[in-house]
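Below, chain A is the first sequence line, B the second, and so on; all start at residue 1. Bear in mind the structure is a predicted one, so any value in this text is a computation, not a measurement.
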Amino acid sequence: GAVVSQHPSRVICKSGTSVKIECRSLDFQATTMFWYRQFPKQSLMLMATSNEGSKATYEQGVEKDKFLINHASLTLSTLTVTSAHPEDSSFYICSAPRGYITDTQYFGPGTRLTVL
Amino acid sequence: AQTVTQSQPETSVQEAETVTLSCTYDTSENNYYLFWYKQPPSRQMILVIRQEAYKQQNATENRFSVNFQKAAKSFSLKISDSQLGDTAMYFCAFMTSNFGNEKLTFGTGTRLTIIP
């Protein structure tokens, strides 16, 4: 099956610093990738849709200046959490469809961010 | 906006028995896609089954099958011959087929425990 990777798997940083999370589709190209946030024992909440070669589309309530998304190639999207604060601590997951956007989404293994 | 409701926060069943997880959704659209995803303790999201709304036939994937009732907007998952490895959070998800707005909306999840 299709594989999506994320790096790093976990990161701990100090308040005020920026953290970059990478999402890669390893065996297929993805013009669209999605970024989710999952708090403990809760569901996945879509943060933004990452589009290769164009600006990301953010969901209502998500600060685009705080969560910077760059979809630099057909296999790589990055999420940068700028000036991180403890409330940004969460589990971040990316996904990508193989083929049409309505095809099955393949998910990365997630990145656990802890902001001290 | 679409909503997905999973009314069972958690359930458990003896190994080898059958269990059904419920899901209802609300939409005014006629064409859409429904999914069940499994999230084991590793937190890796894994597709269990996918259903296209225009198909009347219920999707089946080995021990997993759905009961898709379009008029009732119900999409339940049946797991037969349950195994210990089925222990996980199960999320029901909806995706519209409307161009430009294709994204997954997840339910709150059901925690399934298989008892040895």
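For NZ of K73(B), the number of neighbouring non-hydrogen atoms (other residues, nucleotides, ligands) closer than 6.0 Å is greater than 12. Around the NZ atom of K64(A), the shell of radius 6.0 Å holds no more than 12 heavy atoms that belong to other residues, nucleotides or ligands. Annotation: E87(A), atom CD; neighbour count of heavy atoms from other residues, nucleotides and ligands within 6.0 Å is above 12.
Using a 4.5 Å cut-off between heavy atoms, T105(B) does not touch chain A at all. Looking at M45(B), the atoms closer than 4.5 Å to chain A (heavy atoms on both sides) sit in the backbone and in the side chain alike. Heavy-atom distances place the side chain of Y33(B), and not its backbone, under 4.5 Å from chain A. Interface remark: Y100(A) contributes no atoms to any contact with chain B (heavy atom separation under 4.5 Å). At a 4.5 Å heavy-atom cutoff, the contact between L46(A) and chain B is made by side-chain atoms alone. The parts of D103(A) that come within reach of chain B are both its backbone and its side chain, each placing non-hydrogen atoms under 4.5 angstrom from that chain. Proximity to chain A (any heavy atom under 4.5 Å) is restricted, for Y37(B), to the side chain, taken from C-beta onward. Interface residue E59(A): only side-chain heavy atoms are found under 4.5 Å from chain B. At a 4.5 Å heavy-atom cutoff, the contact between Q105(A) and chain B is made by backbone and side-chain atoms alike.
Between F35(B) and T104(A), the shortest heavy-atom distance links the atoms CE2-CA, 4.4 Å.
Linking ILVMFWY residues whenever their side-chain heavy atoms come closer than 4.5 Å, directly or via other members, leaves F91(B) and I114(B) in distinct clusters. In the hydrophobic cluster analysis, where Ile, Leu, Val, Met, Phe, Trp and Tyr join through side-chain heavy atoms closer than 4.5 angstrom, V115(A) is grouped together with Y92(A). Hydrophobic cluster membership is shared by V19(A) and Y58(A), with clusters built from Ile, Leu, Val, Met, Phe, Trp and Tyr side chains linked at under 4.5 angstrom. Each of L26(A) and M33(A) belongs to its own hydrophobic cluster when Ile, Leu, Val, Met, Phe, Trp and Tyr are linked at side-chain heavy-atom distances under 4.5 angstrom. Residues L104(B) and F75(B) do not share a hydrophobic cluster, clusters being chains of Ile/Leu/Val/Met/Phe/Trp/Tyr side chains in contact below 4.5 Å.
No side-chain donor-acceptor contact under 3.5 Å links S43(A) to the backbone of G109(B).
Going from atom CE of M45(A) over to atom CZ of F106(B) covers 10.5 Å, rounded to the nearest 0.5 Å. In this structure, CG in L47(B) is found 9.0 Å from CZ in F107(A), a value given to the nearest 0.5 Å. To the nearest 0.5 Å, atom CG of residue L44(A) and atom CD of residue Q39(B) are 6.0 Å apart.
In terms of heavy-atom pairs under 4.5 angstrom with chain A, the leader among R43(B), Q44(B), Q6(B), R50(B) is R43(B).
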